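The block underneath contains the structure these notes are about, expressed in structure tokens.
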Amino acid sequence: MNVVSLITNKRAAEQSCLALLQSCNSLSKFTQIHSYIIKLGLHSNPLVLTKFTSTSADLNAISYASSFVFSPESDTHLYDTFLFNTTIRAYAQRNDLKTKAVKFYNLMLECGVSPNKFTYPFVLKACAGIGELNLGKSVHGSVIKLRFCDDAHVQNTLVHMYGSCKGGILFARKVFDEMPKCDSVSWSAMIGGYARLGLSTEAISLFRKMQISGVCPDDITMVSVLSACTDLGALEVGKWVESFIEKERVNKSVELCNALIDMFAKCGDIDKALKLFRNMIEKNIVSWTSVIDGLAMHGRGLEAVALFEEMIRARVAPDYVSFIGLLSACSHSGLVDKGREYFDLMKKDFNLVPKIEHYGCMVDMLCRAGLLKEAFDFVQKMPIEPNPIVCRTLINACCTHGELKLGESITKRLIGNEPMHESNYVLLSNIYAKMLRWEKKTKIREVMDKMGMRKVPGSTMIELDNEIYEFVAGDQSHNQHKEIYEMLDEMGRKMKKAGYVPTTREVLLDIDEEDKEDALNRHSEKLAIAFALLKTPPGTPIRIVKNLRVCSDCHSATKFISKIYSREIVVRDRNRFHHFKDGFCSCGDFW
DNA sequence: ATAGGGTTAG
């Protein structure tokens with residue numbers, strides 16, 4: 001064999017291998033190609049190795065590929081920037097393997113292969129997923145040293161990376177502010193950073209700045225803006241965003257439609273969410289899950305179950321998240337038997353091993369149904385350790401069912417495991433209040449003070465004329481607070497006439513009955529409703545958003561108010577919706 | 001070959 005034919009053969013083998021990889025769409029074909037590469041002696045062909053690695057990314061086989069490409073027998077001289085970039089990219093796009101991306105970046109540096117401007121977006125994306133600020137900062141340091149910081153793509157990923165790292169948002173903003181030119185990606189990364197952190201007001205106000213700047217937002221920008229609306233419960237802003245999307249002809253990707261569905265569902269208009277869902281041509285599992293979860297939050301459990309069944313018939317495979325939605329639908333609607341049935345089905349029919357979240361749903365379901373003993377047995381038999389969330393579910397159930405001693409002992413144990421979580425102390429202090437052990441309650445509050453902890457104050461938001469107003473208990477900061485308190489007095493008088501009795505036993509303060517009534521009357525929720533009654537024409541529905549669970553007195557008072565003032569009142573609470581109408585609530589007092 | 005997004009039990 002002469003030299004020329006050897007070269008053409010090698011070339012031919014390389015070409016055919018690249019072509020095979022190009023069209024490879026299954027793992028079995030991929031492993032075949034792997035043996036083909038070895039047989040033809042192509043394992044030292046950089047072009048083939050790079051293609052092999054990049055193909056593996058789409059087949060979730062990057063670990064398989066990289067153990068071959070980077071095996072100890074491989075010649076390290078083969079490794080070039082291209083090969084490392086491909087490997088890092090493949091790892092960076094896998095949620096569970098992002099640390100590997102950083103590992104290969106370090107290996108790259110160790111091997112003396114220089115990163116280029118394409119390397120850093122991948123590495124920074126991995127850093128974003130890992131979320132460790134110091135790691136991100138050190139990579140940023142290399143970016144500066146290697147002078148890639150003028151590259152627009154690198155800057156965009158820096159914003160995204162800092163926006164995804166704990167404590168990094170100010171660094172993100174700094175990079176963002178110092179960028180000479182921002183495109184829609186830069187704005188999206190910054191707005192998305194705020195939205196993920198729950199800095200929703202900042203996210204929306206930055207979006208307004210983006211409009212002024214003249215950069216055209218795209219579907220991805222709008223997803224973040226909508227998720228900020230969802231967080232705030234800002235239906236009016238959300239509706240405005242929807243019309244903006246129509247007007248500006250923003251690409252209505254599946255993800256954007258999903259975000260719209262989620263926004264309408266969580267801002268109180270579940271029927272609009274359903275309508276959008278029905279009009280979607282291409283749906284994915286997230287679309288189904290969002291609308292099932294939305295129905296669950298609105299207490300429309302049977303519809304949620306029906307939709308889940310429809311999803312199965314449509315041959316969309318349910319995942320872990322969709323089962324959380326389904327089980328919580330059963331829980332919020334008291335569908336205990338259905339819930340049990342689906343919980344078993346999860347393993348049997350869908351091969352999904354229930355996780356702690358699913359066990360949590362079951363515990364919650366049993367507790368809501370008053371099956372406290374069963375809930376405890378269930379936890380005993382669980383194959384996984386109950387987590388603090390499950391414990392708090394049990395403790396809350398103990399409180400509502402008068403099992404105060406039991407609640408106290410679990411809470412004490414929980415504090416032992418989780419000494420820095422303020423809600424545990426709040427729970428314990430509430431238990432002592434219910435036991436009328438005021439001295440113990442005071443002591444807990446002292447401990448909290450000493451540790452620098454504060455109870456999250458209850459607050460209620462309401463949106464009027466595109467403004468968001470926030471009230472806290474006893475709030476006097478509003479410039480119409482005088483009128484609001486007069487309105488509260490009037491409401492109180494009318495309610496008492498209609499038969500409302502303040503549930504003062506829920507006031508966990510050591511004060512006399514009259515003061516307790518007063519304290520109840522100043523709850524943020526009642527302030528917001530009074531404000532809405534003052535500011536909106538008769539008959540307008542009132543929508544409010546609470547950061548905590550609605551208290552039982554506010555719940556019963558709101559029923560009276562809905563009847564007396566003929567208003568539909570929609571309350572989003574920490575975990576579900578209450579639709580008040582004609583003196584009744586959609587939750588059927590079952591929350 | 002280059003970046004950004006959605007659903008998660010109390």
Side-chain angles (χ1 to χ4, degrees), chain A residues 50-51 53-54 57 81-83 85-86 88-90 92 116-125 128 148 151-161 163-164 183-193 195-196 217-227 230 253-263 265-266 284-294 296-297 319-332 339 354-365 367-368 386-397 423 427 548-549 573-576 591:
Chain A
T50 306
K51 187 75 194 167
T53 310
S54 78
T81 304
F82 203 157
L83 182 61
N85 283 0
T86 314
I88 294 168
R89 179 175 69 141
N116 63 11
K117 64 172 183 177
F118 296 118
T119 313
Y120 282 99
F122 302 139
V123 180
L124 289 166
K125 186 183 177 182
F148 290 126
D151 183 87
H153 292 309
V154 173
Q155 290 170 347
N156 284 345
T157 16
L158 277 169
V159 174
H160 176 237
M161 179 278 291
S164 309
D183 60 9
S184 73
V185 177
S186 338
W187 286 96
S188 297
M190 197 61 228
I191 294 170
R196 270 196 305 279
D218 61 13
D219 53 332
I220 294 174
T221 322
M222 301 322 288
V223 168
S224 290
V225 176
L226 281 169
S227 109
T230 308
S253 59
V254 179
E255 289 79 3
L256 180 53
C257 292
N258 290 347
L260 274 169
I261 290 175
D262 187 48
M263 183 277 291
K266 294 211 173 100
N284 65 14
I285 181 71
V286 178
S287 331
W288 288 92
T289 305
S290 302
V291 79
I292 289 172
D293 201 51
M297 281 187 84
D319 63 2
Y320 285 100
V321 183
S322 56
F323 266 103
I324 294 172
L326 176 68
L327 293 175
S328 86
C330 295
S331 171
H332 286 287
K355 298 187 185 187
I356 189 66
E357 290 88 344
H358 305 98
Y359 284 98
C361 287
M362 295 302 283
V363 174
D364 181 54
M365 187 179 79
C367 286
R368 278 174 203 271
N387 65 4
I389 297 174
V390 171
C391 293
R392 280 191 282 275
T393 306
L394 288 173
I395 295 164
N396 268 319
S423 76
L427 271 174
L548 305 173
R549 256 174 83 169
D573 121 335
R574 226 211 134 104
N575 47 26
R576 66 164 294 158
W591 84 99

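By convention in this document, chain letters (A, B, ...) are assigned in the order of the sequence lines, proteins followed by strands, and residues within each chain are numbered from 1. Owing to the predicted nature of the structure, the values given are computational and were not obtained by experimental measurement.
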Nearest-neighbour nucleotide for the [X] side chain, [options] considered:
{"X": "Val185(A)", "options": "dA3(B), dT7(B), dA9(B)", "result": "dA3(B)"}
{"X": "Asp219(A)", "options": "dG10(B), dG5(B), dT7(B)", "result": "dG5(B)"}
{"X": "Ser188(A)", "options": "dT7(B), dG5(B), dG4(B)", "result": "dG4(B)"}
{"X": "Thr289(A)", "options": "dT7(B), dT8(B), dT2(B)", "result": "dT7(B)"}
{"X": "Pro121(A)", "options": "dT7(B), dA3(B), dG10(B)", "result": "dA3(B)"}

Just checking [X]: base, sugar-phosphate only, or nothing, at a heavy-atom cut-off of under 4.0 Å?
{"X": "Tyr120(A)", "result": "nothing"}
{"X": "Lys51(A)", "result": "nothing"}
{"X": "Ile395(A)", "result": "nothing"}
{"X": "Ser322(A)", "result": "nothing"}
{"X": "Asn396(A)", "result": "nothing"}
{"X": "Lys125(A)", "result": "sugar-phosphate"}

Kindly say if [X] contacts the phosphate of [N], meaning a side-chain N or O under 4.0 Å from OP1 or OP2.
{"X": "Arg368(A)", "N": "dG10(B)", "answer": "yes"}
{"X": "His160(A)", "N": "dG4(B)", "answer": "yes"}
{"X": "His332(A)", "N": "dA9(B)", "answer": "no"}
{"X": "Arg196(A)", "N": "dG4(B)", "answer": "no"}

Step by step, work out the side chain to side chain contact (heavy atoms under 4.5 Å, CB included) result for Phe122(A) and Asn85(A). CA-CA 8 Å; Phe122(A) 302 139; Asn85(A) 283 0; 4.1 Å; yes
Between the side chains of Arg89(A) and Ser54(A), is a donor N or O closer than 3.5 angstrom to an acceptor N or O? no
Can a donor-acceptor pair be found between the side chains of Ser186(A) and Asp183(A) at a distance below 3.5 Å?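 Yes.
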